[in-house]
Amino acid sequence: MKKIISSVTVCSLALCALASCGDNAKSGEKLVGKWAMSNLASEEASVDGGGIIFTDDGKGSVYLDTSSLLHFESEGLNVGGTTLAKDYIKESGDTLTVDVMGQEMIGLKKLEAKEGYDGKYSLESGILYDSIVQGMEKQGNASFDKENLDITIDFDGAKSEVVFNDLFTYTTKGKKLEVSGFAGFLNGDGDKATAEFKVDGDTLELKDSKSTETLTRVK
């Protein structure tokens, strides 16, 4: 269980660091969208992909494809290939919890309902939530406030996607991208970081002094 929790936390923070390596209004508009990071999926990381979402209001989110890690089945909740039977799942109104041996693994609040247990949830509590908060507090130091943390999980059949909503803000000027907010994004000093970006069709290139990352627009 600890390996699963660690995988989500590590991957989310890795994506945060990527975002920091990262013209005018027109260029900013081109940046808006959902972008998939290349070579993120791996068995060791326990995720099937992920990337960054730039919205037109100057905010950004990080998403992870956690289908192999976490999804509902007819028998219960599949966690990394192990199915927790329905006996572990408890529903009360719009609240769903998964308890294992007296410990709450996940505490969810349903936002949008689908068939069965599927739907869009807000991650509110549990071992997974606490582990993510602890990791982000350590990474973000004083810049991180868990009261502003908004994590949603969208379950749909054999698929699931975790989104760290509005985790940062961004501005663009010329070819420069400036990111501010959660310190886990930052390679620079203080509460901001800058990088060069280039949009070519459905390809986004982010470049800082240490590395270059190529992302692909998700349609």
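Computation of the quantities below employed the complete heavy-atom set of this structure, encompassing side-chain atoms and omitting hydrogens, waters and symmetry-equivalent molecules.
The shortest distance between side-chain heavy atoms of Val98 and Tyr117 does not fall below 4.5 Å. Between Lys120 and Thr152, some side-chain heavy-atom pair lies under the 4.5 Å cut-off. Residues Phe164 and Ile53 form no side-chain contact, since every pair of their non-hydrogen atoms from C-beta on lies 4.5 Å or further apart. Contact of the Lys176 side chain with the Glu196 side chain is registered, since non-hydrogen atoms from C-beta on lie closer than 4.5 Å. Residues Trp35 and Val199 have side chains in contact (heavy-atom distance under 4.5 Å, counting atoms from C-beta outward). The closest side-chain heavy-atom distance from Leu108 to Thr95 is not below 4.5 Å. Looking only at side-chain heavy atoms (C-beta outward), Val163 and Ile151 stay at 4.5 Å or farther from each other. Side-chain contact between Ile106 and Tyr129: absent, with no pair of heavy atoms (C-beta onward) separated by less than 4.5 Å.
Of all the heavy atoms in Leu70 and Ile153, the pair that sits closest is CD2-CD1, 4.5 Å. When all heavy atoms of Ser38 and Glu213 are compared, the closest pair comes out as OG-OE2, 3.3 Å. A pairwise comparison of heavy atoms in Val100 and Tyr88 identifies CA-CD2, 4.1 Å as the closest pair. Closest of all the heavy-atom pairs between Ile52 and Tyr63 is N-CE2, 3.7 Å.
A salt bridge links Glu161 with Lys34; the closest basic N to acidic carboxylate O contact falls under 4.0 Å. A salt bridge is absent between Lys159 and Asp48: the closest approach of a Lys/Arg side-chain nitrogen to an acidic carboxylate oxygen does not fall below 4.0 angstrom. In summary, Lys114 and Asp154 engage in a salt bridge, as defined by a charged side-chain N under 4.0 Å from a carboxylate O. Lys110 has no carboxylate O lying under 4.0 Å from a charged side-chain N of Asp94, or vice versa, which leaves the two without a salt bridge.
Residue Leu206 holds its CG atom at 9.0 Å from CZ of Phe197, rounded to the nearest 0.5 Å. The line from CG of Asp166 to OG1 of Thr55 is 6.5 Å long, rounded to the nearest 0.5 Å. Atoms CG and CD, on Asp130 and Glu104 in that order, are 8.5 Å from each other to the nearest 0.5 Å. From Ser61, atom OG reaches atom CG of Asn165 across 5.0 Å, with rounding to the nearest 0.5 Å. With values rounded to the nearest 0.5 angstrom, Lys109 atom NZ is found 13.0 Å from Leu123 atom CG. Expressed to the nearest 0.5 Å, how far CD1 of Ile132 lies from CD1 of Ile127 amounts to 12.0 Å.
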Side chain to side chain contact (heavy atoms under 4.5 Å, CB included), that's the test. Do Glu205 and Leu215 meet it? Break it down for me. CA-CA 6 Å; Glu205 183 179 89; Leu215 297 91; over 6 Å; no
Before giving the answer on side chain to side chain contact (heavy atoms under 4.5 Å, CB included), spell out for Leu149 and Val133 the whole-Å C-alpha distance, their side-chain angles and the decisive distance to 0.1 Å. CA-CA 8 Å; Leu149 186 60; Val133 168; 3.9 Å; yes
Does the side chain to side chain contact (heavy atoms under 4.5 Å, CB included) test come out yes or no for Leu204 and Leu31, once each step is laid out? CA-CA 8 Å; Leu204 168 63; Leu31 192 62; 3.6 Å; yes
What do the steps show when you test Lys175 against Lys198 for side chain to side chain contact (heavy atoms under 4.5 Å, CB included), and what is the final call? CA-CA 7 Å; Lys175 297 182 180 298; Lys198 178 182 178 181; 5.7 Å; no
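Hydrophobic cluster membership differs between Leu111 and Val162, with clusters built from Ile, Leu, Val, Met, Phe, Trp and Tyr side chains linked at under 4.5 angstrom.
When ring centroids are compared, Phe54 and Tyr170 come within the 6.0 Å threshold.
Ser160 and Thr66 are linked by a side-chain donor-acceptor pair at a separation below 3.5 angstrom, with hydrogens and angles left out of the test. Between the side chains of Ser180 and Thr169, at least one donor N or O sits under 3.5 Å from an acceptor N or O.
Classified by interplanar angle (parallel below 30°, tilted 30° to 60°, perpendicular above 60°), the ring pair Tyr121/Phe155 is perpendicular.
Evaluation of the salt bridge (Lys or Arg N to Asp or Glu O under 4.0 Å) rule for Asp99 yields Lys90 as partners, not counting sequence neighbours. Listed by chain and number, the residues in a side-chain hydrogen bond (donor to acceptor under 3.5 Å, both in side chains) with Asn78 are Glu73 (sequence neighbours excluded). Remark: Thr214 engages no residue in a side-chain hydrogen bond (donor to acceptor under 3.5 Å, both in side chains) (not counting sequence neighbours).
Looking at Asp200, its side chain never comes within 3.5 Å of a backbone N or O of Asp202 through a donor-acceptor pair. Without hydrogens or angle criteria, Asp65 side chain to Gly50 main chain gives no donor-acceptor distance under 3.5 Å.
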